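Inspection log for the structure reproduced underneath, given as structure tokens.
What's counted below: heavy atoms across the whole structure, side chains too, no hydrogens, waters or symmetry copies. Just so you know, these numbers come straight off a predicted model, no measurement behind them.
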Amino acid sequence: EAAGAGAIVMPSLFEEEIIHEEIELLAMDFSTALFDTLAQLPRWTDYYLARDQTPHYAFLKRSLKALQWLRGPERWVLKSPQHLEQLAPLMNAFPDARVLVTHRDPVSVMASMMTMVAYAGRMSRDPVRPGAIGETICQRMLLRLRTLVETRHLLPPQQSLDVLFHEFMAD
């Protein structure tokens with residue numbers, strides 16, 4: 001989320017039952033950066049990064065359509081940091097998306113993510129190795145930010161907006 005790609009505003013953000021992030025939907029199609037947060041899986045990460053994610057983003061769109069058909073809403077907010085490294089598949093699946101790119105201090109983002117992964121790791125890792133978790137998070141965020149810079153041109157100017165994270169949260 002140092003720069004986070006979001007898409008299409010959802011009007012009912014404060015309903016009781018909402019999906020927190022769509023990354024779980026991508027996990028159902030076995031194509032997600034979520035697994036990086038669950039365990040040290042370098043072979044999985046290499047596999048995921050080497051594959052074209054376009055069909056998996058098409059799956060995400062079909063999943064969202066099915067959920068929308070069942071309960072609404074008419075629009076969605078997509079907010080996974082994974083999108084930073086997947087702008088082409090994101091825009092292929094959602095060509096009319098409006099993308100808000102939030103800019104946030106990468107140090108605070110990495111500290112927050114490292115803490116979250118280390119705490120969650122207590123349920124599945126023994127021992128929890130904060131140094132290894134930190135290194136993995138740092139490498140992944142650097143890759144995401146570099147990829148965002150390299151592929152930012154894929155976001156049509158009339159469909160994208162940059163905003164500082166603290167201003168976004170204050171509004």
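Here the CG-OH distance, from L64 to Y57, works out to 11.5 Å after rounding to the nearest 0.5 Å. Between the CG atom of D36 and the OG1 atom of T45 there is a distance of 3.5 Å, given to the nearest 0.5 Å. Distance check: M114 CE to Y119 OH gives 14.5 Å after rounding to the nearest 0.5 Å. How far CZ of F168 is from CZ of R104: 11.0 Å, rounded to the nearest 0.5 Å. Note that CZ of R144 and CD of Q86 are 9.5 Å apart. Values are rounded to the nearest 0.5 Å.
Under a 3.5 Å cut-off, the side chain of T37 and the backbone N or O of L34 do form a donor-acceptor pair. Within the 3.5 Å criterion, the main-chain N or O of R98 finds no donor-acceptor partner in the side chain of Q159. No donor-acceptor distance shorter than 3.5 angstrom exists from the side chain of S112 to the backbone of S108, with no hydrogens or angles considered.
Inspection of the E167 and H103 side chains reveals no N or O donor paired with an N or O acceptor under 3.5 Å.
Contact of the S63 side chain with the K65 side chain is not registered, since no non-hydrogen atoms from C-beta on lie closer than 4.5 Å. A 4.5 Å side-chain heavy-atom check between K79 and I23 finds every atom pair outside the cut-off.
Using a 30° and 60° split on the angle between ring planes, W44 and Y48 fall in the parallel class, below 30°.
Taking the charged nitrogens against the carboxylate oxygens, R152 and D162 do have a contact shorter than 4.0 Å, which makes a salt bridge.
Tested against L90 for a side chain to side chain contact (heavy atoms under 4.5 Å, CB included), the candidates H83, K61, E85, Q82 yield a single pass: H83. Applying side chain to side chain contact (heavy atoms under 4.5 Å, CB included) to L87 and the options T151, T147, N92 leaves one that passes, T151.
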Test log, rule side-chain contact (heavy atoms from CB on, under 4.5 Å), inputs H56 and F30: CA-CA 8 Å; H56 305 291; F30 294 98; over 6 Å; no
